[in-house]
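One structure is given below, encoded as structure tokens.
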Amino acid sequence: DMTVVDFDSFNASLTVDEGTASVVSISGNNVLELTAPAGRRVKVRLAPTSGYWDLSDYVNLALNLQNVGTEEAWVRILIKDRYNNSEDSFYRPNCSHNAWIQPSETRIFPAFMPRLASRSGNDPGYRALFPSMSGLPHAQALVWYGIDTSQIDEVILQLEPKDSAQTVRVDDLRGNRRAKPVALASN
């Protein structure tokens, strides 16, 4: 795994667009805590302090989620590259996910990153070995609505409004699950 955002060293930019979000210390570990009253949304943006995050070696952007509330929580995750920076749409062409976390549940959520087939940064160099495939080994999906995983410039986390209050803790955003098979690593 490759760490993208670690709230202990806080190596990213954090912008709170809506609601309440803050970095809190839990048992000596810093985490991002999102708190939404009933019927309200929380929306935060995480971005590199400079340049882009290069996650081209990974299939997923994984993050740890913990629901400390008493009802199910709904987290939306939007992964954006430099090409679709102008819109916050959770619909194509952006890369978005929905995570539902049960009360008292802690889980790792693997946000899959389909690669935009037409971007040269998404071609690992061995695509010609698989001429009739729409994807590559290790779940590298090359599709028309994907993102350029070599130029991730923002991750948006959003608690969607629900009838009950929600509190979710987020930690350790990271590139997860190796994209390139070891046998093809030199190609």
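Residue numbers run from 1 in the order of the sequence given.
- Side chains of Trp74 and Leu159 form no contact here, defined as non-hydrogen atoms less than 4.5 Å apart.
- If you take CH2 on Trp53 and CD on Glu154, they are separated by 8.5 Å, rounding to the nearest 0.5 Å.
- Residues Trp100 and Phe109 do not share a hydrophobic cluster, defined by chaining ILVMFWY side chains whose heavy atoms lie under 4.5 Å apart.
- Residues Met113 and Leu55 are in side-chain contact: their nearest non-hydrogen atoms beyond the backbone lie under 4.5 Å apart.
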* Verdict with reasoning, Ile156 to Lys80, per side chain to side chain contact (heavy atoms under 4.5 Å, CB included) -> CA-CA 8 Å; Ile156 297 174; Lys80 297 173 66 177; 3.9 Å; yes
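- Not counting sequence neighbours, the partners of Asp1 by the side chain to side chain contact (heavy atoms under 4.5 Å, CB included) test are Arg174, Asn176.
- With a 6.0 Å radius and a threshold of 12 heavy atoms from other residues, nucleotides or ligands, Arg41 has its CZ atom above the threshold.
- Counting heavy atoms from C-beta on, the side chains of Ile152 and Ile147 come closer than 4.5 Å.
- With rounding to the nearest 0.5 Å, the separation of CG in Leu61 from CD1 in Ile77 is 7.5 Å.
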* Run the side chain to side chain contact (heavy atoms under 4.5 Å, CB included) check on Val170 and Leu157 step by step: do they pass? -> CA-CA 9 Å; Val170 180; Leu157 302 173; 3.9 Å; yes
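- Side chains of Arg76 and His97 form no contact here, defined as non-hydrogen atoms less than 4.5 Å apart.
- For the pair Asp171/Leu63, no side-chain contact is recorded, criterion being any heavy-atom separation below 4.5 Å from C-beta on.
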* Between Asp148 and Ser150, does a side chain to side chain donor-acceptor pair (under 3.5 Å) hold up when you go through it step by step? -> CA-CA 5 Å; Asp148 186 338; Ser150 70; 2.6 Å; yes
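- In this structure, Val24 and Ile26 have side chains that are in contact, with non-hydrogen atoms separated by less than 4.5 Å.
- Taking OG1 of Thr149 as the reference point, atom CG of Asp81 lies at 9.0 Å (rounded to 0.5 Å).
- No chain of hydrophobic side-chain contacts below 4.5 Å, direct or via other Ile, Leu, Val, Met, Phe, Trp or Tyr residues, connects Val42 to Val31.
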Contacts under 3.5 angstrom, residues 2-16 side chains, donor-acceptor by atom type, not counting sequence neighbours:
{"unit_1": "Asp6", "atom_1": "OD1", "unit_2": "Asp8", "atom_2": "N", "d": "3.0"}
{"unit_1": "Asp8", "atom_1": "OD1", "unit_2": "Asn30", "atom_2": "N", "d": "2.7"}
{"unit_1": "Asn11", "atom_1": "OD1", "unit_2": "Asp6", "atom_2": "N", "d": "2.9"}
{"unit_1": "Asn11", "atom_1": "ND2", "unit_2": "Val4", "atom_2": "O", "d": "3.4"}

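- Contact record, Pro48 with Gly51: CG-O, 3.4 Å, taken as the closest heavy-atom pair.
- Here the side chains of Glu72 and Lys162 are in contact, with some heavy-atom distance below 4.5 Å.
- Atoms CG and OG, from Asn67 and Ser104 in turn, are 7.0 Å apart once rounded to the nearest 0.5 Å.
- For the atom pair Asn98 CG and Gln158 CD, the distance stands at 10.0 Å (nearest 0.5 Å).
- Heavy-atom minimum distance, Pro114 versus Cys95: CD-SG, 3.7 Å.
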* Kindly determine whether Leu65 and Thr106 satisfy side chain to side chain contact (heavy atoms under 4.5 Å, CB included), including the steps that lead there. => CA-CA 6 Å; Leu65 299 173; Thr106 299; over 6 Å; no
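- Between the side chain of Gln166 and the main chain of Glu160, a donor-acceptor pair closer than 3.5 Å is present.
- Both Val155 and Val23 sit in one connected hydrophobic cluster of ILVMFWY residues. Membership requires side-chain heavy atoms under 4.5 Å apart, directly or through other members.
- A donor-acceptor contact shorter than 3.5 Å links the side chain of Asp54 to the backbone of Ser56.
- In this structure, Arg107 and Ile101 have side chains that are in contact, with non-hydrogen atoms separated by less than 4.5 Å.
- Within the structure, salt bridge (charged side-chain N to carboxylate O under 4.0 Å, His left out) pairs that include any residue of residues 16-36 comprise Asp17-Arg45, Glu33-Arg169 (at least two apart or interchain).
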